[in-house]
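These notes are about the structure you will find just below.
In the text below, chain A, chain B and the rest are named by the order of the sequence lines, each starting its count at 1.
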Amino acid sequence: MADVQKSTRNRQDFENTLDSSDANVASFVYEQKGFVAKAQHFLHGNPTMVPVIVLVASVIIFGLIAGERFFSPFNLSLILQQVSIIGILAAAQSLVILTAGIDLSVAAIMVLMSVISGKLAVELGVPAPLALLIGFGGGIGAGLLNGFLVTKIKLPPFITTLGTWNIFYALMLWLSGAQSIRGEDIDNTAPLLKIFGQAISVGSARITFGSILMVIVFAVLWYLLNKTAWGRHVYAIGDDKEAAELAGIRTDRTLISVYALAGLVAAIGAWASIGRVGSISPTSFYEGNLQSITAVVIGGISLFGGRGSILGALFGALIVGVFQSGLRLAQVDVLWQVFAIGWLIIIAVAIDQWIRKVSS
Amino acid sequence: MSDTTQTIEPIVKGRGIVKRYGRVTAIDHSDFDLYPGEILAVIGDNGAGKSSIVKAICGAVQPDDGEIVIDGEKVHFSSPIEARDKGIEIVYQNLALSPALSIADNMFVGREIRKPGIMGSWFKMLDKPEMQRIAREKLTELGLMTVQSINQAVETLSGGQRQGVAVARAAAFAKKFIIMDEPTAALGVKESRRVLELIKDVRSRGIPIVLISHNMPHVFEVADRIHIHRLGKRHAVIDPENYSMSDAVAIMTGAMEPPPIEQQQLSPK
């Protein structure tokens, strides 16, 4: 080899000016920021603060409008009771939305499983605990179907669950014959199914087991999402699925487990819903899918995945409950409740978009 | 084959690797050697198959023929996760970081540490303080750390800082070697400089590196040997001390014949 040239292993000429330049590229610098930027940054780090602020503000406002009737322990416990089913569905929904998916079928799974458990226990004489377990299994199975279609067949979650929503709904109508199972029949054969309708009274407050169940569901899911590797993986997948895959997460397995768990939570909601409604009605919770999404969105969980706390969904459900209760006590027409919730959704998503634009 | 009398064994030895995609042959009986303690740059024109051969080594694609021996052991990885379990780390061009997760969470994604005892084994509880401690330690070793920031979300970091986190993650867990795919491609001049220093730091800690890059000045600065890939084959391996960048580009594009095999740098000096 003839032309041995001078070594090029020193650094490049054009880089010689670098010595005199600022070398703090890979260090972390905090700059002074204006109030708005600080608020944006704070909310970015604490996405649950938005729904908390809205919840506190709406409680104060409705308290001022409706007075002590609103603040009565009875009314506050009633709000909790009224949001418990949608709250449980919102918990299931949050899991899926955190992965940047959506589950339109959660309420359909819930009603289907309440019909299955009810048919088995009330009409076929299956022991109530077994009937409930079969319902839970059915919920997991329905979720596994969603997860399988999303990961293995690679269908978009929206389309998948739009399809399974209709399928589960039709199955439910077929099984129930579009007939309700009456409350007295449940009381006579399988009272266990209605246990979440019972309540403990503290003064004039009436706290149902269903409300307590909702809080427990949120606490358990919060633990899973924040304190286990599985939870970190759920966030990582929602954030950037490809990156999560490359970083060594088995994304398909995690996603399937998310849909299955959402199905199980919906089936637990089915048990609670029987107590809440007092009977098993094929027409109940038809709008539960959308109401659960509403609670999640108002709760500050990003529809684009990977951001937000599951507790936000609890606050989101409570905000909806507070609005409905407050406007009702203020004797405002129901249509304005719907109107207000609509604006809440739009504002919540706008705030989410704004927070996501944060820079350090 | 070798022009030296040295007897150090390569850490990666690929022989006759073939990969076909339908009627396209991406890797055509190519060889590949990486030796302990070195930075091996892999250069080649677009479509030459340089990423294919590196992917074959880390398990992202499965070769149709040929053998890959890593540390004396014949391997058939079915995925990069399997390669990772053997101590092979990859720094991807897109970094494979989750923007909303913290630096510490990102470093341990997929290999989290659980609390000791029942909390860990039954309740699967993560040992966050321990992970944060190790993450802080690893970043400090590479000079990337100032105190308060280990729980900062990765999306609030600059491009160079993110690259730093990805490299630190690889360096922290690599037991055999690290593959870096275009680590300076998305960076500015100053940030590139910082990352090049980081690459040299990692080498000085004894971890060999495969560096895929289009940037000739960067390749010539840090590489101990340069593997030139052309038409799916290892075309030549040269010593950057003895060749200029234009020679390398000429060999890479076929404008210049590769040096005879005795003058190539098939193993380290």
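A ring-centre distance under 6.0 Å is found for B:Phe108 and B:Phe173.
The parts of A:Arg232 that come within reach of chain B are both its backbone and its side chain, each placing non-hydrogen atoms under 4.5 angstrom from that chain. Looking at B:Ile81, the atoms closer than 4.5 Å to chain A (heavy atoms on both sides) all sit in the side chain, from C-beta outward. When heavy atoms are compared at a cutoff of 4.5 Å, B:Arg162 does not approach chain A at all. Using a 4.5 Å cut-off between heavy atoms, B:Lys128 touches chain A through its side chain atoms alone. In this structure, chain A has no heavy atom under 4.5 Å from any part of B:Pro80.
With B:Arg203 contributing its side chain and B:Gly37 its backbone, the two residues share no donor-acceptor pair below 3.5 Å.
Comparing A:Trp230, A:Tyr223, A:Tyr235 by how many heavy-atom pairs each has under 4.5 Å with chain B, the most go to A:Tyr223. Options B:Gly110, B:Gly164, B:Ala100 differ in how many heavy-atom pairs under 4.5 Å they form with chain A, and the most are formed by B:Ala100.
Using modelled atom types and a 3.5 Å distance limit, the side chains of B:Thr184 and B:His218 yield a donor-acceptor pair. B:Ser204 and B:Asp201 share no side-chain donor-acceptor pair at under 3.5 Å.
Looking at B:Lys86 and B:Glu82, no side-chain N of the basic residue comes within less than 4.0 Å of a carboxylate O on the acidic one, giving no salt bridge.
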